[in-house]
Amino acid sequence: MRKLLFILTFAISCFTHLSAQSDDQGERIWWTGAHTAIGFGVGTDFNGVTTTSYTVGLAPMLGFELLPGLSAGPRASILYNHIRQRITPGNPFRTFNFVDYGLGVFARGEIYREYFIQAELMYESLDDINPFTGAQSRLNGMNAYIGVGLNRGGRNPSTEIMIAYDLNLLRAFRNNNPIGGRFGFTLFY
């Protein structure tokens, strides 16, 4: 966890230097951005156990333009999760707080004007919870995502939305929704 925080701090501190880099024609070849995660969920299982979950997170990225319309670079993510289970009606009988994090690379290609596709390969460390026993364990390994998005608002700054599909390389046995929405911003894209 300390290594990930060090890498994130280093990447953010290098932002001003990297954003000033340009090619021979004076065009910027670096861009930066971040996706945010905010989630909320409530569900009740057949035993009458209600589960409430909250998620907040940030995923910064730095892109390097390899060719016009094709970028690649590093990406990191950190997600804070809070899960509370209660027997309906009643007080909470289990509460979980955990942090999922990852570090990897992405490639992005522009399809048409502001539309793009993006593929990611991430090393992730995720907390896995057994819903019946409450036992927690860590899943560590490679995971991949592929998605499509829309980046609007010009080059400085712009907002973007993206729909990403989780290829479930790491969470094959975990019951998760593989499709996720992302909202973010970019500078100099």
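Given the structure is predicted, the values throughout are model-derived calculations rather than measurements.
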May I ask you to test the [X]-[Y] pair for a side-chain heavy-atom distance under 4.5 Å?
X	Y	value
I179	I163	yes
M162	I117	no
F96	N81	no

Looking at [atom1] of [X] and [atom2] of [Y], how far apart are the two atoms once the value is rounded to the nearest 0.5 Å?
X	Y	atom1	atom2	answer
T55	F40	OG1	CZ	10.5 Å
F98	S125	CZ	OG	11.0 Å
E110	F116	CD	CZ	9.5 Å
I29	E65	CD1	CD	8.5 Å

Identify, with sequence neighbours excluded, every residue that meets side-chain hydrogen bond (donor to acceptor under 3.5 Å, both in side chains) alongside T52.
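T52: no side-chain hydrogen bond (donor to acceptor under 3.5 Å, both in side chains) contacts found.
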
If you draw a 6.0 Å radius around CG in L70, do more than 12 non-hydrogen atoms from other residues or ligands fall strictly inside?
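Yes, because the 6.0 Å sphere around CG of L70 holds more than 12 heavy atoms from other groups.
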
Write down the atom of [X], the atom of [Y], and the distance for their closest heavy-atom approach.
X	Y	answer
S77	M122	OG-CE, 3.8 Å
E114	N151	CB-O, 2.8 Å
D100	R138	OD1-NH1, 3.6 Å
A76	L103	CB-CD1, 3.8 Å
N97	H82	OD1-ND1, 2.5 Å

Answer yes or no: is there an ion pair linking R152 with E160, defined by an N-O contact shorter than 4.0 Å?
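Salt bridge: no.
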
Under a 4.0 Å threshold between the charged nitrogen and the carboxylate oxygen, would R182 count as salt-bridged to E120?
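Looking at E120 and R182, the cut-off is met.
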
Under 4.5 Å between side-chain heavy atoms, hopping through other hydrophobics if needed: is there a path connecting [X] to [Y]?
X	Y	value
L150	V148	yes
Y145	L79	no
Y101	Y54	no
Y115	F183	yes

Output, in order, the C-alpha distance, side-chain angles, deciding distance and verdict of side chain to side chain contact (heavy atoms under 4.5 Å, CB included) for E124 and M142.
CA-CA 6 Å; E124 294 183 321; M142 298 305 288; over 6 Å; no

For F185, is there any backbone N or O sitting under 3.5 Å from a side-chain donor or acceptor partner on T159?
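No, T159 side chain to F185 backbone: no donor-acceptor pair under 3.5 Å.
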
Is a side-chain donor or acceptor of N140 paired with a backbone partner of L126 at a separation under 3.5 angstrom?
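No, N140 side chain to L126 backbone: no donor-acceptor pair under 3.5 Å.
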
Answer with yes or no after comparing the ring centroid distance for F106 and W31 against a 6.0 Å cut-off, counting only values under it.
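Distance test on ring centres: under 6.0 Å, yes.
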
Could you go through residues 56-63 and list every donor-acceptor pair under 3.5 Å that involves a side-chain atom there, pairing it with any protein atom two or more places apart or in another chain?
none

Ignoring hydrogens and angles, state whether a donor on the side chain of R84 or T51 is under 3.5 Å from an acceptor on the partner side chain.
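Distance-only check fails for R84 and T51.
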
Could you tell me if D127 and Q136 have a donor-acceptor pair between their side chains, going purely by distance under 3.5 Å?
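Judged by distance alone, the side chains do pair up.
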
Show the numbers, then the answer: is there a side chain to side chain contact (heavy atoms under 4.5 Å, CB included) between T32 and T186?
CA-CA 6 Å; T32 188; T186 55; over 6 Å; no

